[in-house]
There are 2 protein chains.
Amino acid sequence: MQSVAATREANAGNGLTERQGVVLEEALRLLVDGGEKALTTAGVARAANCSKESLYKWFGDRDGLLSAMIGFQASKVRTQDVAASALDAESLSRHLVVFAKDLLEVLSGDVSLALNRLAIGQASREGSKLGHMLQERGRRQIGRRAAALLEAGRKAGLLAFDDADEAYGALYGLVVSDWHLKMLLGEEAGEMKKGFSRKAEQAVSAFLTLYGKKV
Amino acid sequence: MQSVAATREANAGNGLTERQGVVLEEALRLLVDGGEKALTTAGVARAANCSKESLYKWFGDRDGLLSAMIGFQASKVRTQDVAASALDAESLSRHLVVFAKDLLEVLSGDVSLALNRLAIGQASREGSKLGHMLQERGRRQIGRRAAALLEAGRKAGLLAFDDADEAYGALYGLVVSDWHLKMLLGEEAGEMKKGFSRKAEQAVSAFLTLYGKKV
DNA sequence: CCATTTCAGTACCGTACGGTACGGTTCGCA
DNA sequence: TGCGAACCGTACCGTACGGTACTGAAATGG
């Protein structure tokens, strides 16, 4: 559950009133609980105690509501950059493990899974507008954090790679493997969460074997 | 496009008549072209020149049709096991690269993407029956092929790992990274296919760095 | 105190879908 | 030739959704 402060923060850059934010929050809850099928305009209006007419005035149509939900959720996730100074082998490894755990935590969150399912379901038609949006505002964020971390590692002489994207791809693959897809397909996420720590450490260890500068 | 022989093969183990196979083929085409929204019972009946009544007689209801489509498609993908004999470092690497390319090729196929989107869209409700089915009959197949290959490599003294699943997870992650998700979200697959070869070789090279036995 | 705006609540409309029922046709079979 | 099963094509039904229109109440502002 997000705090009121986080919600207000999320509204700031999006031209959303507080009331609209509450409505979007309720819409997200409906989506998480029942999937896209449960996300009807009437259902959102009932759950949020607002009228359908207001929904259409604020968001245009159903697709506008979906876009607003993605933008709203994305703007709530803030990824703090790590201080690049004073990086040694041990602290780099620790930062990478934290990053890996955060990545797994984010990807396994209810809201993230629900929104990804929604965007994937809509990807077939209409140019996959939601998919691009999710990618741009979600993945890009965490990708930048990783890129900064990797770049700092290279600057400090701890990592060796030519193509940062390639290195990030390897890190991402080692960390996530096919867990994301399994969760998207409905595998119970609760059971696997307890293995995240060990998995993150193993992945980082492997990544450092590949890209860590030999001492 | 699949051959008639492949279709007949697919029908063999499923108790499906040839006619029903043709209908499922048409249903898959509809799903690929227009997504789940386009997969209506009336649409399938019209495209396959059969009656809705026959659809319900053969498959029970719409969910039964979806299950049949997944089972039908899965039974068409046959993964030939590799001869485990005469494995040296060079041939193991070659086999791994072939496996990696095949994996990327399968995951980027229209039908695979459409079925994964379908199962993911239905994952929220109803216990994710389709998701389990897709995982069991699709991923399990290629997973066994990889497991056999890895085991053969270990038997030949070329690979070193304790946990085969962990090694396979690393291989899968290095090969696929986040490409699958990007394609599921609608990223144009045509553009990226040309990079598959290079990507497969890089991934295998990295995998061998991690799990290859030092000479 | 009144005028204007905003919005909840509801009723309504058109459409499209899942599922069923029925008439007509083909085909196998005795 | 007659019979029955399978099946196509279509019409039909109930429902649910997206979107619009209307009404009345609360708030806002001079």
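Where B/E53 and B/R62 meet DNA chain C, the nucleotide closest to each residue was compared, and B/R62 sits on the side nearer the 5' end. Residues B/A48 and B/K52 both approach DNA chain D. Their nearest nucleotides, taken by heavy-atom distance, put B/A48 toward the 5′ side.
Summarising the geometry, the separation between CZ on A/R19 and C1' on D/dT28 is reported as 17 Å, rounded to the nearest angstrom. To the nearest angstrom, C1' of D/dA6 lies 16 Å from CG of B/N49. Atom CG of B/L55 and atom P of D/dA6 are 16 Å apart (whole Å).
Salt-bridge annotation for A/E151 and A/R154: present, with a side-chain N of the basic residue lying under 4.0 Å from a carboxylate O of the acidic one. Using a 4.0 Å cut-off between charged nitrogen and carboxylate oxygen, A/D102 and A/R145 count as a salt-bridge pair. Salt-bridge formation is detected for the pair B/E25/B/K76: a Lys NZ or Arg NE/NH1/NH2 atom is positioned less than 4.0 Å from an Asp or Glu carboxylate oxygen. At a threshold of 4.0 Å, the pair A/E36-A/R62 counts as salt-bridged, since one of the basic side-chain nitrogens sits closer than that to a carboxylate oxygen.
Read 5' to 3', the first and last nucleotides of DNA chain C with an atom closer than 4.0 Å to a heavy atom of chain B are C/dC17 to C/dC22.
Across all non-hydrogen atoms, the minimal contact from B/L107 to B/M183 is O-CE, 4.1 Å. Counting all heavy atoms, side chain and backbone alike, B/V23 lies closest to B/C50 at CG2-SG, 4.3 Å.
Within the structure, every side-chain polar atom (N or O) of B/W58 is placed at least 4.0 Å from both OP1 and OP2 of D/dA6.
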